[in-house]
Amino acid sequence: MQNNPSKNKIILAITGATGAMLGIRALEILKKANVETHLIISGPARLTIAQETDRSIAEIEALADVNYQPEDIAAPIASGSYPTKGMLILPCSIKTLSQVANAQTDNLIARAADVCLKEGRSLILAVRESPLHRGHIRLMDLAAASGAIIAPPMPIFYHRPQNLEEMTDQIVARLIQRLVIPLPDIFQWP
Ligand SMILES: Cc1cc2nc3c(=O)[nH]c(=O)nc-3n(C[C@H](O)[C@H](O)[C@H](O)COP(=O)(O)O)c2cc1C
């Protein structure tokens, strides 16, 4: 499945902020949309996945087309010569935000994100923390100045979600659409 030139390729990183299910749902939606996914799960995300979901890592990795370890700094997606449409970090911890904002590229998540920025590709950081201190806000400003899209995973209510799944799906679908991947099922106003 690697390097299929006819398919859109998206890098998806799940980091150790709360909301692991959002990243997992993104994998499912991207699979349905026939998008090739390149997945990196951080070490701390393994903890949140165990804490917050009933999914095994193997089950989640099976949803992706290509899987990488965060330590694999020599992976294809660590190079700008490997073409992708962009990257979504969902959820994005403050630690990873800080690494991206400061171009501190000592793991594959931060390096692949930095590559997207330097190559002018979309990078969405679904930063999940609350409340935010001024240092967090400064980091978001810094990352945005380098071209990152700061998109905290916030729920919407005007489509009247009936359950957590419907709420989750809208959050995730909007983030994916921001990568300019059209999804037929997303709620549109009015
Ligand atoms: C259950 C749990 C929930 C967490 N929630 C958050 C969060 O919402 N936001 C955040 O920035 N960090 C959160 N953390 C802390 C991060 O996991 C920690 O800072 C970690 O170093 C992030 O590393 P990573 O970005 O490489 O995944 C949480 C940790 C745990 C165990």
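In listed order, ligands and their atoms are each counted from 1. As the structure is a computational prediction, the values presented were derived from the model and not from experiment.
- Given atom 26 (O) of ligand 1, the protein heavy atom at minimum distance is K95 NZ, 2.7 Å.
- To the nearest 0.5 Å, atom CG of residue N8 and atom CG of residue N34 are 9.0 Å apart.
- Of all heavy-atom pairs between S42 and G16, the closest is OG-N, 3.5 Å.
- Between Y68 and P76, the closest heavy-atom pair is CE2-CD, 3.9 Å.
- The heavy-atom pair separating A126 from L175 by the smallest distance is CB-CD1, 4.1 Å.
- Against a heavy-atom cut-off of under 4.0 Å, E129 is close to the following atoms of ligand 1: 7 (C), 9 (N), 10 (C), 11 (O).
- Those atoms of ligand 1 with a heavy atom of T15 less than 4.0 angstrom away are 25 (O), 27 (O).
- What sits closest to atom 23 (O) of ligand 1 on the protein, heavy atoms only, is P44 CG, 3.4 Å.
- Looking at heavy atoms from C-beta onward, D169 lies in side-chain contact with R25 at the 4.5 angstrom threshold.
- For atom 22 (C) of ligand 1, the closest non-hydrogen atom of the protein is S93 OG, 3.6 Å.
- Nearest to atom 14 (N) of ligand 1 among the protein's heavy atoms is G16 O, 3.2 Å.
- The presence of a protein heavy atom under 4.0 Å from atom 18 (C) of ligand 1 is ruled out.
- Nearest protein heavy-atom neighbour of atom 5 (N) of ligand 1: T18 N, 3.2 Å.
- Near S42, the atoms of ligand 1 lying under 4.0 angstrom from a non-hydrogen atom of the residue are 24 (P), 26 (O), 27 (O).
- Heavy-atom contacts of T96 reach the following atoms of ligand 1: 24 (P), 25 (O), 26 (O) (cutoff under 4.0 Å).
- Contact check for M87 versus R121: no side-chain heavy atoms found under the 4.5 Å cut-off.
- Of the residues T37, L27, L12, L30, the one that meets the side-chain contact (heavy atoms from CB on, under 4.5 Å) test with L63 is L27.
- Annotation: atom 9 (N) of ligand 1 to nearest protein heavy atom, R128 O, 2.7 Å.
- Nearest non-hydrogen protein atom to atom 11 (O) of ligand 1 is I94 N, 2.8 Å.
- Distances from ligand 1 to the non-hydrogen atoms of T48 include at least one value under 4.0 Å.
- Using a cut-off of 4.0 Å between Lys/Arg side-chain N and Asp/Glu carboxylate O, E119 and K85 are scored as not salt-bridged.
- No side-chain donor-acceptor contact under 3.5 Å links Q99 and D114.
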